Amino acid sequence: MNDWELGESEAFEAAVPLSQQAMAARPKAYLQGLNPAQKQAVETLDGPVLMLAGAGTGKTKALTARIAHLLQCGRARPNEILAVTFTNKAAREMKERVAKNLGGTVEGVPWLGTFHSICVKLLRRHAELVGLKNSFTILDTDDQLRLMKQLIQAEKIDEKRYPPRLLAGIIDGWKNRALTPSKVPAGEAGKYNRRGVELYEQYQARLTTLNAVDFGDLLLHMVQIFQAYPDILAQYQRWFKYILVDEYQDTNIAQYLWLRLLASGHKNICCVGDDDQSIYGWRGAEVGNILRFEKDFPGAHVVRLEQNYRSTPHILGAAAGLIDHNGGRLGKTLWTAEKEGEKLRLIGHWDGEEEARWVGEEIEAYQRGTRGLEPVSPNDMAILVRASHQMRAFEDRFMSIGIPYRVIGGPRFYERMEIRDAMAYFRVVVSPDDGMAFDRIVNTPKRGLGDKALQTVAKMARENGVSPFEGARLVVAEKALPARACNSLDGVLQSFDRWRAALHNGADFIRLAETILDESGYMDRWKNDKSIEAEGRVENLKELIKALDSFENLQGFLEHVSLVMENAQTDSEEKVSIMTLHAAKGLEFPCVFLPGWEDGLFPSQRSMDESGIKGEEEERRLAYVGITRAEKYCTISFVANRLLHGRWQNALPSRFIDELPQAHVEVLTPPGLYGGNFGAAAPEIRLETRAGQTDTYSSPGWQRLKRQAGRPAPRPHQIIEDAVPVFDLGERVFHQKFGYGAIVSIDGDKLGVSFEKSDTKNVMAGYVTRAGDVPF
DNA sequence: TGCGGTGAATTTTTT
DNA sequence: ATTCACCGCA
C-alpha cells in the first residue's frame, strides 16, 4: 500500500516531463528588482540556508522568488516543495505572490500552508498509527478546556488548586516541546508533575476515545510517527525535495523536530527569520532554534537581508540602538537608502486619558497635514499597545471626537459562543460520534436537560462503549430518566436523525443549516433574548449561514473552520488601526503611535517576574517590532499615572526609553501645566534640563504645539458625512459598544447619551442608531 | 432553572 | 473597572 503517497501528485507526475535545460531557459522575471543579498538567498538552492531577514527587508519577496526559482530551474515540481508558515494569513499571502510570480507557467501547487494545516493532511493519511481514525476531529482551545474540565471533575480534583486552564497550559507546553506523557522529565513543573503527567495521560486517552486531536497533537503525532516509522519518514524526505520555513524564530521544539526530521536527508531547507523579532516565547517559541541553526545544519549558508525598504534612518537608528541592549543576537545592521526624515518623537503625559486625547489630536493633525508634512490617511496610522486593556482609552476618546478607528485582533468570529454552538449542531449532524459537539448543544437552548440528565447520558455512553449520541438513544430506550427528560432528549435525537437524513438525501446544505438553527430553537433563543449582545449574535448567525456559500458542503466548511479561525476583514473605510504589538508583527504603517511605555506595563512586570532577563529581552524585541512597524513617523509616549484594575498606579517611563539613542529622538514637552516633570528617568529629558532649558514652554515641542493650538480645532470626520439621522432629545438609541441608552443632550453632532449599562457619555451621532434599526 | 450577590483574577495569541 | 465563575435561593 502506498497510502503515504501524496494524492495530488500523481496526475502531475505523468503529465509534465521536466527538462532542466528547457526550464532554465525560461525568463526569470521574479529575479528583477532583487538586491544582491536577496538574489543570493534566492539562488543558493543546495543545502541549508538561513535567511536572516530584518524588519522590512523584503523577505517574502525573496521567499516567493526562491520558490519560483526552484520551479523555473527544474529543481522540483511544485508539489515537491514544502513551504511552511505560522498563520493562515501568511500562507495566503505567499500563495498569491507565488501564483503571481509564476504567471500560470507551471502546473500544480506547492505544499504551502501552516504547520498545522500541513500536519492535518499528513496525519489523515497515517491516523491509524497513533490510534485514530482518519476522520478525527480537531479540538480548538475552547473544546480542549472543556475536556480538561470534565476530566478534572471526573477525577474529583479540586478545581481551585488545579485550575483546568493551568493544566491545559502545562500540557500544551509539553506538547510544544514534543514531550509525550512518558517523556516528561521527572521534577518538571513542580507540584503539578505527578498529577499533571497522570492527567496528561488521561487527557490523551480521552482524545483517542473521542477520535480527536488538539492543535498540539497535530505536530506531536506527526513527530512520533516520523520517529517510529523510518520508512514513512524516508518517503516524505524523498518527496519534499525543498523545504522553506517562514518566521523560523517562532518555531517551537515540536516544529523544529518535525522540520529537522523532514530535512535530514537532502538538507535542502531554507529558514527565514529574524531573531530580533521573536516575540512568542511565552507560547513555546524557541529563539534558540534560529540561533542554533548553523550548528543544527552544518555548512549552512547564512544570508543577511539588511537593506530596509520600509523606514527612515531615524526610525531604524532608534530601533537598532534599542535592540542592541539584548545579548546573544545573531546581529544585523539594517540600512536604508531613504532620506533622513523625522526623528522619533517622545512625550510624557499626566495620565492615560490625557495621552489618548493628545494622540487623538495628533492623528487629526497628521490627517490634515501639519508641520509642512503631507497629509496622512487614517488608514496609514496605527496605535500599537502592549496590552489590550490600553485600547479602551483610545476607543473612548476616538468615539467621542469621531475619529474612525478599527480594532484589529480581539475575539474572533469563529470563537464567538453563538457561532461555536451553531457549528456544534452542524458537527453532530455531519458526524454523530462527535461527543464534544453533542455535549455542547444537547441542552442548548435549554431543554430541561440538567446536570443529572447529562451525567446519565455520559454514564450510559461509557458503560456501553458508544458515543454520547448513541448513549442518549439508549437512555431514551431504557427510560433511564424521568419521562419529561426522556421526551425532551428523544426530541433532540429525532431532530438530528431528520437533519442527517436530509443531508444524506442531498438536501441543499445551506438551507439545511438554516433549518437546523430554526428547528432546534437556537435562533429563537437569541431572537427572544433582550440583552445587548443578542441582536449582534443573531446577525452573526446569519453571517455564518452566508459564509457557507463559498463551500461545497458542510464537511468542507467544518474542516476549514477548525483550522482557519479567522474572519475576513472586509471594510474599506479609512480608519485608524488600534492593535497590540503582537498583532502588528508583519504589518507596516507610515505613522505609528506607541503609547504606554512605562516600566511595569512595557516591559511588562509579569513577563520580567516570570522569565527574568529572558522576559525583558523578549519585551525589548517587542519594542523593536513596534518601532520598526513605522515607515515615516513614530511617536512614543508614557504617562505618570495609570489607572490599572481600578487602581491608580504611579508609573515611571519605560527603561526602553533610556535605551533609545538621543540622536534619533525628539523630546516633546507635553501640552499642559504639569509639563516636564515626567521624564526624570529619561536621559533626553534630563539632558534638556541640564542644557538650561528650565522653561519647558520654550522647548521646540511646546512651540509647535502652541502654534497648532492657535488654529480652530479641526473636525474633518468622514463618518459625519454619511447620512447621519437626526435625533431628538429623549430618543432611545443603540451604540455598538455601550448598548442602549436615551439621549439627554444634543450639541450639533455630539450627543449626550445616558446608557442603560453604563453612565452618560458624549458620543458622535454617527456612532449610534435609533434603537430598533441596528445595522450590521 | 434562573437570578442576583459575592469574590477573585486580570499580557501578549495562532493553530 | 470589569468580567467571570460560583453559590445560594426562589
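Order of the sequence lines fixes the chain letters, A, B, ..., with proteins taken first and strands second; residue numbering starts at 1 for each chain. Quick caveat, the model's predicted, so the values are computed rather than measured.
- The aromatic ring of A:Y280 does not sit over the base of B:dT14, since the test of centres under 5.5 Å and planes under 30° is not met.
- Among the atoms of the strands shown, base atoms are found under 4.0 Å from some heavy atom of A:R386.
- A centroid separation of less than 6.0 Å is found between the aromatic rings of A:Y280 and A:W282.
- The separation between A:W282 atom CH2 and B:dT15 atom P is 12 Å, rounded to whole Å.
- Considering only heavy atoms from C-beta on, A:L581 stays 4.5 Å or farther from A:V625 through its side chain.
- Put simply, A:R412 has a side-chain N or O that comes within less than 4.0 Å of OP1 or OP2 on B:dT15.
- Nucleotides of DNA chain B nearest to A:S117 and A:E610 differ in position, and the one nearer the 5' end is that of A:E610.
- Across all strands shown, A:G448 has heavy atoms under 4.0 Å from sugar-phosphate atoms exclusively, and none from any base.
- We find that CD of A:Q144 is positioned 18 Å from P of B:dT13, with the value rounded to whole Å.
- A:H116 does not qualify as a stacking partner of the B:dT14 base, lacking a centre-to-centre distance under 5.5 Å together with planes within 30°.
- Residue A:A387 places its side chain closer to B:dT11 than to any other of B:dT15, B:dT11, B:dT13.
- When the P atom of B:dT13 is taken as reference, atom CG of A:L587 falls 13 Å away, rounded to whole Å.
- Across the protein-nucleic acid pair, A:M579 atom CE and B:dT13 atom P stand 11 Å apart, rounded to whole Å.
- At a threshold of 4.0 angstrom between heavy atoms, the contacts of A:E247 with the nucleic acid are absent.
- Under the salt bridge (Lys or Arg N to Asp or Glu O under 4.0 Å) test applied with A:R655, the options A:E619, A:E616, A:E617 reduce to a single match, A:E616.
- In the model, A:R620 has no side-chain atom that pairs as donor or acceptor with a side-chain atom of A:Y624 under 3.5 Å.
- When the P atom of C:dA5 is taken as reference, atom CZ of A:R165 falls 11 Å away, rounded to whole Å.
- Note: CZ (A:R447) to P (B:dG2) measures 13 Å, nearest angstrom.
- Across all strands shown, A:T114 has heavy atoms under 4.0 Å from sugar-phosphate atoms exclusively, and none from any base.
- Between B:dT15, B:dT12, B:dT1, one nucleotide has an atom nearer to the side chain of A:H582 than all others, and that is B:dT12.
- A donor and an acceptor atom, one from each side chain of A:E355 and A:S637, are located under 3.5 Å apart.
- Judged by distance alone with a 3.5 Å cut-off, no donor-acceptor contact links the side chain of A:T141 to the base of B:dT14.
- Side-chain polar atoms of A:Y405 and A:E395 form a donor-acceptor pair below 3.5 angstrom.
- In terms of phosphate contacts, A:T580 brings a side-chain nitrogen or oxygen within less than 4.0 Å of OP1 or OP2 of B:dT13.
- You'll find that the side chain of A:H645 is closest to B:dT10, out of C:dC6, B:dT13, B:dT10.
- We find that CG of A:N252 is positioned 14 Å from C1' of B:dT13, with the value rounded to whole Å.
- If you check C:dC6, C:dA1, B:dT11 against the side chain of A:S607, the one that comes closest is B:dT11.
- The phosphate of B:dT15 (OP1 or OP2) has a side-chain N or O of A:N88 nearer than 4.0 angstrom.
- One atom, CZ of A:R283, and another, C1' of B:dT11, lie 13 Å apart when rounded to the nearest Å.
- Phosphate contact (OP1/OP2 of B:dT1, side-chain N/O of A:N443, threshold under 4.0 Å): present.
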